[in-house]
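To start, the structure itself, in structure tokens.
Scope of the values below: all heavy atoms of this structure, side chains included, with no hydrogens, waters or symmetry mates.
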Amino acid sequence: QDEETGLYFELLEKSVHQLKSTLDEQVDQIKDTLSLKTNLEPINLNEVFHSITDSIRSLIEDSKAVFRVNFSEAGQLLANNFSLQSIFLNLISNSIKYARPGIPPEITIVSKKTAEGIQIRFTDNGIGFDMDKNKNKLFGLNQVFSQHSDSKGIGLYLVKNYMNNLGGNIEVTSQINAGSSFTLTFKN
């Protein structure tokens with residue numbers, strides 16, 4: 001009833017409306033980004049890998065990450081460049097971010113041709129996670145599976161949505177303290 005409380009309610013209401021407006025804008029931007037399927041082009045996987053690793057060079061060097069990369073069986077695929085770069089960035093940075101303490105990340109990225117299309121498998125030796133406990137919420141928005149301070153629960157959500165938008169799919173295997181493996185299948 002007093003004037004000061006009324007002022008606080010007005011400020012709170014204004015803040016809530018501004019927050020909702022900002023959130024709506026962000027969701028619209030994500031929707032726009034996820035609708036990039038129409039811009040498909042042949043993309044060289046080595047070029048994507050080098051572009052991403054160059055952009056996070058200091059993170060790679062600080063972590064002492066070791067890469068084993070083999071795109072000899074399928075060197076390019078038809079995809080959206082932005083989406084593919086985002087997928088590589090998310091999966092590589094997650095492998096580094098979720099490394100086991102004191103053990104340098106070992107990241108293997110291999111492509112191969114299958115009857116379904118082209119597969120790219122990202123495998124690491126990181127902390128992994130409990131598949132039985134987290135399988136159903138793995139690709140959900142704001143789902144976090146570790147206490148890492150940088151965990152936001154958006155990366156795998158975006159990867160899954162990019163794969164869906166490209167007409168592909170993603171499968172995951174993981175074990176606590178034994179790493180994770182993400183298999184992306186692009187149906188070209």
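Between F129 and S180, the shortest heavy-atom distance links the atoms CE2-OG, 3.6 Å. Contact detail for A99 and I127: the closest heavy-atom pair is O-CG2, 3.6 Å. Residues A79 and I43 approach most closely at O-CD1, 3.4 Å, considering heavy atoms. Closest non-hydrogen pair, L89 versus I52, comes out as CA-CG2, 3.7 Å. Heavy-atom minimum distance, Y157 versus N161: O-ND2, 2.7 Å. Residues A65 and I107 share a closest heavy-atom pair of CB-CD1, 4.4 Å.
Considering only residues two or more places apart in sequence or on other chains, N94 meets the side chain to side chain donor-acceptor pair (under 3.5 Å) condition with none of them. The side chain to side chain contact (heavy atoms under 4.5 Å, CB included) check on N125 picks up R100, I103, P105, E106, with sequence neighbours excluded. Here K112 pairs with E73, T114, Q119 under the side chain to side chain contact (heavy atoms under 4.5 Å, CB included) rule; sequence neighbours left out. F71 pairs by the ring-ring contact (aromatic ring centres under 6.0 Å, His included) definition with nothing, not counting sequence neighbours. The side chain to side chain contact (heavy atoms under 4.5 Å, CB included) search around P42 returns Q76, L78, not counting sequence neighbours. Listed by chain and residue number, H17 satisfy the side chain to side chain contact (heavy atoms under 4.5 Å, CB included) test with E13 (two or more places apart in sequence, or in another chain). Residues that satisfy the side chain to side chain donor-acceptor pair (under 3.5 Å) test with S63, not counting sequence neighbours, are absent from this structure. Applying the salt bridge (Lys or Arg N to Asp or Glu O under 4.0 Å) test to D62 and every residue at least two apart in sequence or in another chain returns nothing. With sequence neighbours left out, the side chain to side chain donor-acceptor pair (under 3.5 Å) criterion links S93 to no other residue.
Heavy-atom contacts from other residues, nucleotides or ligands closer than 6.0 Å to CD of E4 number 12 or fewer.
The side-chain hydrogen bond (donor to acceptor under 3.5 Å, both in side chains) pairs that include a residue from residues 41-51 are S51-Q85, where partners are two or more places apart or lie in different chains. For the salt bridge (Lys or Arg N to Asp or Glu O under 4.0 Å) condition, no pair includes a residue of residues 76-88, sequence neighbours left out. Note on residues 79-88: no pairs pass salt bridge (Lys or Arg N to Asp or Glu O under 4.0 Å), not counting sequence neighbours.
With F182 as the partner, the side chain to side chain contact (heavy atoms under 4.5 Å, CB included) test is satisfied by one option alone out of T173, L156, I120: L156.
By the 4.5 Å heavy-atom criterion applied to side chains, S86 and F88 are not counted as neighbours.
Transitive grouping of hydrophobic side chains (ILVMFWY, heavy atoms separated by less than 4.5 Å) keeps I118 and V110 in distinct clusters.
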